[in-house]
**Student:** 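Got a structure for you, questions after.
Proteins come first, then strands; the chains are lettered A, B, ... in the order of their sequence lines, and each starts at number 1.
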Protein chains: 2
Amino acid sequence: MHILSGMAEDVFKALADPTRRRILDELVERDGQTLFEICTRLATKHGLSLSRQAISQHLAVLEAADLVRTRRQGRYKFHDLNTAPLEHIVTRWLRPDPPEGRP
Amino acid sequence: MHILSGMAEDVFKALADPTRRRILDELVERDGQTLFEICTRLATKHGLSLSRQAISQHLAVLEAADLVRTRRQGRYKFHDLNTAPLEHIVTRWLRPDPPEGRP
DNA sequence: AGGATATGCAAGTAACGACTTGCCTGTCAG
DNA sequence: CTGACAGGCAAGTCGTTACTTGCATATCCT
C-alpha cells in the first residue's frame, strides 16, 4: 500500500514510446539537462526535430513514472535520470529458478 | 545487426498494455496454456471479462515480441512464456556505477 | 458423416496517445 | 522598465490501438 502504488504501471507506458527512450538515452549520457538542451541534442544527434512542447510532454510522462526527477533553479529546470523504477519491473516475470546447476 | 533487431522495440510496446502484463502473470503461474484457458482464468481470477478475440490479439502481440512461444498440437495451441527478451531491455539505462557507497 | 470444440480472419467502432499551434507566466540582463 | 529567454497551459488534429461482432477453418469425438 505505497503512495506510489500506481506508478509501477506508469513505467511501462512511459517506456512504450521510442522518443521517450531516446530521452532516457540522452540523460544517461549527460545528466541534469534542461528542456532546451534535450530538444537541441535530440535534433542534432538523433535527427529528431520535434516541437518543444512535445518533448515537454514526454518529460512529464517520464516524471510521472518517476524515471526523471526535476529540480528548479531560477528559470532553469534540470532533469535528472532515476533508474530505480527499472530494477523491479522485469523481475515480475522472471521465475525464481536458480541460475546454477543446469547440466 | 541481428535479424531480430526491431524486436526489442516491440517488447516495450507489448509490455505497455495492462491486460498483456496480466497474461504474462498468468503464464508465469502456469505455463503452456491454451487460449480458452487463459480467457477463463483471466475472467475468474482477475475479473477481466474480455472477448476471446481480444485475448487472441493480445497473444499475437506478445508472440511478435517473442515474449510468448506457441506450439500447435492438434486443435490446441499452447502458449509458453519466454523471458529472454526481458533481460536486456533495462540494462540499456543502468549505469555501470557501483551500487555501494552512498553516505 | 456430423456436430461440437478450438482457433483464425476481417471489418468496424470507440478511445487513447502523440504532436502541433497559440497564448500566458515567470526569470534574468541591459 | 523593457525585451529576450526558459518553461507551462489549453485546445485541437490525426494516427494508432484495444475491443467487438460475424463468419470461416480445422480438429476431435461419436
**Student:** Compare the minimum distances between each of C:dA10, D:dA10, D:dG7 and the side chain of B:Q57, then state the nucleotide with the smallest one.
**Tutor:**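 Of all the options, the side chain of B:Q57 is nearest to C:dA10.
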**Student:** Can you tell me how far C1' of C:dC19 sits from CD1 of A:I23, to the nearest Å?
**Tutor:**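 Answer to the nearest Å: 13 Å.
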**Student:** How close or far is atom P of C:dA18 from atom CZ of A:R22, stated in whole angstroms?
**Tutor:**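 After rounding, the gap between these two atoms is 16 Å.
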**Student:** Any donor-acceptor pair under 3.5 Å linking the side chain of A:T34 with the backbone of A:E37?
**Tutor:**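 Yes, A:T34 side chain to A:E37 backbone: donor-acceptor pair under 3.5 Å.
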**Student:** What do you reckon, is CD of A:Q73 surrounded by more than 12 foreign heavy atoms closer than 6.0 Å?
**Tutor:**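 No.
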**Student:** If I compare all heavy atoms of B:A65 with all of B:P85, which pair ends up nearest, and what's the gap?
**Tutor:**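 Taking every non-hydrogen atom into account, O-CG, 3.9 Å.
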**Student:** Tell me: CG of B:L59 to P of D:dA18, nearest whole Å?
**Tutor:**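 After rounding, the gap between these two atoms is 13 Å.
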**Student:** For B:F36, report the nucleic acid contact type (base, sugar-phosphate, nothing); a contact means any heavy atom under 4.0 Å.
**Tutor:**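 Counting heavy atoms under 4.0 Å across all strands, the contact made by B:F36 includes a base.
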**Student:** From the options D:dG7, D:dT20, C:dC19, select the nucleotide whose nearest atom is closest to the side chain of B:S51.
**Tutor:**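 Among the listed nucleotides, the one closest to the side chain of B:S51 is D:dT20.
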**Student:** Please determine if A:E63 and A:R71 form a salt bridge, counting it only when a charged side-chain N lies under 4.0 Å from a carboxylate O.
**Tutor:**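 Looking at A:E63 and A:R71, the cut-off is not met.
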**Student:** Taking only the side-chain heavy atoms of A:L35 (C-beta and beyond), determine which of C:dC19, D:dC19, D:dG7 contains the nearest atom.
**Tutor:**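 Of C:dC19, D:dC19, D:dG7, D:dG7 is nearest to the side chain of A:L35.
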**Student:** Any N or O donor-acceptor pair under 3.5 Å from the base of C:dG26 to the side chain of A:R72?
**Tutor:**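 No.
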**Student:** Whole Å only: how far is the CZ atom of A:F78 from the C1' atom of D:dA6?
**Tutor:**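 Taking atom C1' of D:dA6 as the reference, CZ of A:F78 is at 11 Å.
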**Student:** May I have the distance from A:L62 (atom CG) to C:dA18 (atom C1'), rounded to whole angstrom?
**Tutor:**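 For the pair A:L62 CG and C:dA18 C1', the rounded distance is 14 Å.
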**Student:** Report the nucleotide, chosen from C:dT7, D:dA18, C:dC23, that has the shortest atom-to-atom distance to any side-chain atom of B:R20.
**Tutor:**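 So the side chain of B:R20 is nearest to D:dA18.
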**Student:** Quick one: on DNA chain C, does A:T19 or B:T34 contact a more 5' nucleotide (nearest heavy atom)?
**Tutor:**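 With A:T19 and B:T34 compared, the 5'-side residue is B:T34.
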**Student:** Determine whether a donor-acceptor pair (one donor, one acceptor, N or O, separation below 3.5 Å) exists between the side chain of B:R75 and the base of C:dT7.
**Tutor:**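 No such pair is found, so the answer is no.
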**Student:** Among the candidates C:dA6, C:dC19, D:dG8, find the nucleotide nearest to the side-chain atoms of B:Y76.
**Tutor:**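 Shortest atom-to-atom distance from the side chain points to C:dA6.
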**Student:** Would you mind checking if A:K45 and A:E29 are paired as a salt bridge, meaning a charged N to carboxylate O distance below 4.0 Å?
**Tutor:**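 Salt bridge present between A:E29 and A:K45.
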**Student:** Take atom CZ of B:R52 and atom C1' of D:dT21, then tell me their distance rounded to the nearest Å.
**Tutor:**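 Taking atom C1' of D:dT21 as the reference, CZ of B:R52 is at 11 Å.
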**Student:** To the side chain of B:S56, which of D:dA18, C:dG8, C:dT20 is closest?
**Tutor:**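 That would be C:dG8.
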**Student:** Considering only heavy atoms and no angle criterion, is a donor-acceptor pair shorter than 3.5 Å present between the side chain of B:Q73 and the base of D:dT27?
**Tutor:**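 Donor-acceptor pair under 3.5 Å: no.
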**Student:** Under 4.0 Å: is that the gap between some side-chain N or O of A:K77 and OP1 or OP2 of C:dG26?
**Tutor:**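 Checking C:dG26 against A:K77, no side-chain N or O comes under 4.0 Å of OP1 or OP2.
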**Student:** B:D17 has an atom CG; how far is it from atom C1' of C:dG17, in whole Å?
**Tutor:**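 Going from CG in B:D17 over to C1' in C:dG17 covers 13 Å.
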**Student:** Rounded to the nearest angstrom, tell me the gap between atom NE2 in A:H58 and atom P in D:dG7.
**Tutor:**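 Going from A:H58 (NE2) to D:dG7 (P), I get 17 Å.
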**Student:** Can you give me the closest heavy-atom contact between A:S56 and A:L35, atom names plus distance?
**Tutor:**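 Heavy atoms only, the tightest pair is N-CD1, 3.8 Å.
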**Student:** Would you indicate, yes or no, if D:dT16 has its OP1 or OP2 atom less than 4.0 angstrom from a side-chain nitrogen or oxygen of B:K13?
**Tutor:**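 Checking D:dT16 against B:K13, no side-chain N or O comes under 4.0 Å of OP1 or OP2.
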